[in-house]
Protein chains: 2
Amino acid sequence: MQKTPPERPYHHGDLRRALVDTALEVMREERNWQFTLREIARRAGVSHAAPYKHFPDKAALLTELAMIGFDQLRTTLIEAQSGAGGEPREALLPMARAYVDFGIDNPALYSLMFGAESRNQCDVHLGENAISVFDTVMDVLARGQSDGVFRQRPVRDHATACWSLLHGMTMLSIDGLLLPEKVGLEPLKAAFGTLMEGIASGYDDVKTPDLP
Amino acid sequence: MQKTPPERPYHHGDLRRALVDTALEVMREERNWQFTLREIARRAGVSHAAPYKHFPDKAALLTELAMIGFDQLRTTLIEAQSGAGGEPREALLPMARAYVDFGIDNPALYSLMFGAESRNQCDVHLGENAISVFDTVMDVLARGQSDGVFRQRPVRDHATACWSLLHGMTMLSIDGLLLPEKVGLEPLKAAFGTLMEGIASGYDDVKTPDLP
DNA sequence: CGTTGAAGTTTCCCATGTAAACATATGTTG
DNA sequence: CAACATATGTTTACATGGGAAACTTCAACG
């Protein structure tokens with residue numbers, strides 16, 4: 001009996017990329033990185049063991065996805081920075097917005113990149129990628145400070161405050177905990193306004209506060 | 001032949017509490033909430049199906065653990081607030097430290113309470129508990145503002161900035177991403193100093209910054 | 001063309017969450 | 001006190017997932 005031609009030749013041809021693309025698609029659809037490898041293999045049209053010819057284990061695929069995420073975030077921040085003309089004071093809010101929007105637009109990817117749960121599943125050297133975000137923020141703040149438009153305080157203090165607030169806002173948004181009726185419709189602009197007053201104002205620590 | 005007495009009578013007597021306590025212990029030891037129910041049952045000395053007589057499923061146990069975490073966090077914040085004598089300006093840093101220390105001391109619990117991954121496993125109404133943290137911060141800021149020691153800006157802007165920074169700092173610390181060589185040894189004090197300058201200073205938004 | 005290696009598939013193992021049936025103990029009721 | 005109902009255990013079973021091992025198919029190479 002004539003054998004009907006298979007849907008796909010025995011050799012996929014580019015399964016590694018297909019697995020990565022399929023995983024990114026599933027993460028986007030389900031807003032979660034806790035997919036199963038068997039599901040990814042099914043959607044890619046191969047057996048459940050085929051991925052093991054391209055990735056030693058599931059953690060390796062997750063690491064690759066996280067690296068893609070860090071590449072995208074880095075690109076996003078650089079574009080936001082150069083779009084603002086490079087003036088530090090003007091650059092911070094667009095960068096902040098780009099950062100938070102990246103996380104909101106890619107919740108599963110962001111959680112994979114920065115979460116402790118994923119850290120148990122991924123390569124530990126992802127931390128270097130995560131920390132490069134801190135360095136990016138540091139650079140802009142350092143330039144602003146040498147230009148005299150940012151408060152003369154250790155620049156890493158400003159950077160720590162900045163990254164913490166942005167990371168926190170991103171995570172809270174992803175988790176659906178920033179309700180408009182509580183924080184308004186522009187929580188980033190609002191919260192960042194408060195922070196910018198701490199970064200860019202002429203406030204002197206020892207001055208007593210103005211009273212009404 | 002004489003039957004040797006079992007390690008434990010057939011009826012555990014307080015298995016529900018033992019399961020909760022064991023799970024909290026495992027979370028503390030492994031700094032992770034992704035334990036297996038079979039492991040918890042084993043450590044509690046019962047069969048793997050026994051927990052299903054006390055919890056409909058694993059998600060129910062995880063929800064209970066998260067609720068315990070929120071209770072502990074709430075208590076911690078109230079104690080920190082009253083320890084500072086209730087003066088809003090003096091209360092914020094101790095509360096902030098209590099919040100971040102809680103997360104650092106209970107990384108698995110904090111991640112379970114606030115993480116999106118756990119949200120897929122838990123009861124959605126945990127969000128109310130999470131958001132009550134925001135309300136606590138709001139209350140202190142509102143009192144400070146009416147006392148005139150905090151900047152006259154919508155208080156929810158300050159609260160959003162506060163909670164985002166604290167949540168971000170907690171998550172980054174838990175994930176091991178706040179390296180001392182990058183952020184110093186007192187990142188909370190440093191970052192919170194920057195934020196407090198934005199919350200408590202007399203800075204006027206339209207004033208141009210002082211130049212060197 | 002035969003050999004080698006890459007990249008698939010199939011079969012199997014172990015672990016997990018959970019269901020169902022069964023066993024044991026406790027509490028309630030007549 | 002016995003019978004019954006209920007609570008709370010255990011055992012068996014099922015479906016699914018990660019991954020190993022053996023096998024199959026195809027491509028590349030000498």
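All chains are named by letter (A, B, ...) in the order of the sequence lines, taking the proteins before the strands, and each is independently numbered beginning at 1.
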Q: Mind listing the closest non-hydrogen atom pair of A/Glu197 and A/Arg151 along with its distance?
A: O-NH2, 3.3 Å
Q. Between D/dG19 atom P and A/Ile40 atom CD1, what is the distance in whole Å?
A. 14 Å
Q. Any side-chain heavy atom of B/Tyr110 within less than 4.5 Å of one from B/Ile174?
A. yes
Q) In whole Å, what is the span from the CZ atom of B/Phe55 to the C1' atom of C/dG17? A) 15 Å
Q: Check the distance between D/dT10's C1' and B/Arg8's CZ and give it to me in whole angstrom.
A: 10 Å
Q) What integer distance in Å separates A/Arg42:CZ from D/dA15:C1'? A) 12 Å
Q: Kindly indicate, with the supporting measurements, whether the criterion side-chain contact (heavy atoms from CB on, under 4.5 Å) is fulfilled by A/Leu172 and B/Phe134.
A: CA-CA 11 Å; A/Leu172 292 170; B/Phe134 178 83; over 6 Å; no
Q. Has A/Arg28 got more than 12 heavy atoms of other residues, nucleotides or ligands less than 6.0 Å from its CZ?
A. no
Q) Rounded to the nearest 0.5 Å, how far does CG of B/Leu73 lie from CG of B/Leu109? A) 9.0 Å
(Q) Determine whether B/Lys182 and A/Asp135 satisfy the following criterion, side-chain contact (heavy atoms from CB on, under 4.5 Å), listing intermediate values before the conclusion. (A) CA-CA 9 Å; B/Lys182 288 281 188 178; A/Asp135 292 333; 2.6 Å; yes
(Q) Determine whether A/Met113 and A/Asn129 satisfy the following criterion, side-chain contact (heavy atoms from CB on, under 4.5 Å), listing intermediate values before the conclusion. (A) CA-CA 9 Å; A/Met113 288 156 68; A/Asn129 283 269; over 6 Å; no
Q. Among residues 44-53 of chain A, which residues get a heavy atom nearer than 4.0 Å to DNA chain C?
A. A/Val46, A/Ser47, A/His48, A/Ala49, A/Ala50, A/Lys53
Q) Can you tell me how far C1' of C/dT18 sits from NZ of B/Lys58, to the nearest Å? A) 12 Å
Q: Flag the pair B/His167 / B/Phe114 as yes when their ring centroid distance falls below 6.0 Å, and as no otherwise.
A: yes
Q.
Under 4.0 Å from OP1 or OP2 of C/dC14: is there any side-chain N or O of B/Arg38 that close?
A. no
(Q) Strictly below 4.0 Å: does B/His54 bring a side-chain N or O up to OP1 or OP2 of D/dG9? (A) yes
Using a cutoff of under 3.5 Å, can you pull out all pairs of nitrogen or oxygen atoms linking the protein to nucleotides 23-27 of chain C, with atom names and distances?
from: C/dA23; atom 1: N3; to: B/Tyr10; atom 2: OH; distance (Å): 3.1

Q: Mind calculating the distance between CG (A/Leu19) and P (D/dG19) to the nearest angstrom?
A: 14 Å
(Q) To the closest 0.5 Å, what do you measure between CG (B/Asn106) and CG (B/Asp101)? (A) 10.0 Å
**Q.** Atom pair distance, as rounded to whole Å: CG in A/Leu37 and P in C/dT9
**A.** 13 Å
